[in-house]
> 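So that we are looking at the same thing, I have put the structure below in structure tokens.
Throughout, residue positions are numbered sequentially from 1 according to the sequence presented.
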Amino acid sequence: MARRGGCCMYFNIISAVLGALAGLSAFVVFFFHFENRQAGMWAFVSGVFASTTLFIHILYKRHSLEMWYTPENLQQIRLLGFLGFIAGLAGMIAYFAIAASVHEDMPSMENISSNHYFMAIWAFLTLKWGASLFGFSHLYRKRLLEEYHPLLA
């Protein structure tokens, strides 16, 4: 039971809170203020993955993960994280390739509405939170199978 507390769990929760806040606030800024729709959507997706990761961290910490999810549900969430990882990887590679092929300047406030590097950064953060969701849903699924046994097995 000591695995549910401690520095690592608090670090995971705090980083997921920061990731969710950064993603969702960057969505508003990029999408509505700077009108960089693609970077805004990548930021939104990154924030959703960070929020989902935060949610399963909190459920696990509070000993209520087994009431919300079965091991099969966590396996499906793991697949969702993997798909987010693959989408983020493809987006990051594509945006860096586009930026390099058109010899785009480094990001600045003058070109923030059309710069592909901002899109690549948020695609990378989607990759990161997709991998995080994949890894933690896999870990919590394993721990759920170790700790809890059904009554009718």
> Would you say the side-chain atoms of R141 pair up with the backbone N or O of P71, donor to acceptor, closer than 3.5 Å?
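Indeed, once roles are kept as given, a pair shorter than 3.5 Å links the two residues.
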> Check for me, please, whether M119 and F85 land in the same ILVMFWY cluster - side-chain distances under 4.5 Å, paths through other members count.
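Cluster IDs for M119 and F85 match.
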> Shortest non-hydrogen contact from H57 to A16?
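Heavy atoms of H57 and A16 come nearest at CD2-CB, 4.3 Å.
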> Do I112 and F32 share a hydrophobic cluster, counting only Ile, Leu, Val, Met, Phe, Trp and Tyr and linking them when any side-chain heavy atoms are less than 4.5 Å apart?
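Different clusters.
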> Output yes when a side-chain donor or acceptor of T126 lies under 3.5 Å from a complementary backbone atom of W42, and no otherwise.
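Between the backbone of W42 and the side chain of T126 there is a qualifying donor-acceptor contact (under 3.5 Å).
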> Under a single-linkage definition using a 4.5 Å side-chain heavy-atom cutoff for Ile, Leu, Val, Met, Phe, Trp and Tyr, are I13 and L24 assigned to the same hydrophobic cluster?
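No, separate clusters.
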> Are L18 and L125 connected into the same hydrophobic cluster when the rule is that any two of I, L, V, M, F, W, Y join if their side-chain heavy atoms are below 4.5 Å apart?
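Different clusters.
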> What distance do Q76 atom CD and L79 atom CG have between them, rounded to the nearest 0.5 Å?
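CG of L79 is found 8.0 Å from CD of Q76.
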> Do F124 and L127 touch side chain to side chain, with heavy atoms closer than 4.5 Å?
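Of all side-chain heavy-atom pairs linking L127 with F124, at least one is under 4.5 Å.
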> For the atom pair CG (L54) and CG (L59), what is the distance rounded to the nearest 0.5 Å?
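Separation between the atoms: 9.5 Å.
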> With under 30° as parallel and over 60° as perpendicular, where do the rings of F134 and F82 fit, or are they tilted in between?
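Plane angle between 30° and 60°, so tilted.
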> With rounding to the nearest 0.5 Å, note down the distance linking CH2 in W68 to CZ in R62.
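If we round to the nearest 0.5 Å, W68:CH2 and R62:CZ are 10.0 Å apart.
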> State the NE2-NZ distance between H138 and K142, to the nearest 0.5 angstrom.
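Reported value, rounded in 0.5 Å steps: 5.0 Å.
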> If only atom types and distance count, is the side chain of S51 paired as donor or acceptor with the main-chain N or O of G47 below 3.5 Å?
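Between the backbone of G47 and the side chain of S51 there is a qualifying donor-acceptor contact (under 3.5 Å).
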> Any chain of hydrophobic side-chain contacts (each under 4.5 Å) joining I93 to Y95?
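Same hydrophobic cluster.
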> Determine, step by step, whether R143 and Y60 satisfy the side chain to side chain contact (heavy atoms under 4.5 Å, CB included) criterion, reporting the C-alpha distance in whole Å, the side-chain angles of both residues, the deciding distance to 0.1 Å, and the verdict.
CA-CA 10 Å; R143 289 186 182 173; Y60 182 75; 2.9 Å; yes
> If I compare all heavy atoms of F49 with all of L80, which pair ends up nearest, and what's the gap?
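Nearest heavy atoms, F49 then L80: CE2-O, 3.7 Å.
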> With a sphere of 6.0 Å drawn around CZ of F44, does it hold more than 12 non-hydrogen atoms of other residues, nucleotides or ligands?
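Count not over threshold, so no.
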> Less than 4.5 Å apart, any side-chain heavy atom of L65 and any of L74?
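Yes. Closest side-chain heavy atoms under 4.5 Å.
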> Tell me the closest heavy-atom pair linking A50 and A20, and the distance in Å.
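Shortest heavy-atom contact: CB-N, 3.4 Å.
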> Are H116 and F96 near enough that their ring centres are under 6.0 Å apart?
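No; F96 has its ring centre 6.0 Å or more from that of H116.
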> Report the distance from atom CG of L133 to atom CD1 of I56, rounding to the nearest 0.5 Å.
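One finds 5.5 Å between CG of L133 and CD1 of I56.
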> Let me see the working for N73 and T70 under side-chain hydrogen bond (donor to acceptor under 3.5 Å, both in side chains), right down to the final yes or no.
CA-CA 5 Å; N73 294 135; T70 64; 3.0 Å; yes
> What are the two closest non-hydrogen atoms of Y69 and L144, and how far apart are they?
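In terms of heavy atoms, the two residues are closest at O-CD2, 3.8 Å.
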> Donor-acceptor check, side chain of D105 to backbone of N111, threshold 3.5 angstrom: yes or no?
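No; zero donor-acceptor contacts below 3.5 Å.
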> Rounded to the nearest 0.5 Å, what's the gap from OG on S113 to NE2 on H33? Could you check?
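Spacing of OG (S113) from NE2 (H33) equals 10.5 Å.
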> Determine whether a donor-acceptor pair (N or O, by modelled atom type, separation under 3.5 Å) exists between the side chain of N36 and the backbone of F31.
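Flag not set: sc N36 to bb F31 has no pair under 3.5 Å.
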> Centre-to-centre under 6.0 Å for F118 and F30, is that the case here?
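For F118 and F30, the ring centres are under 6.0 Å apart.
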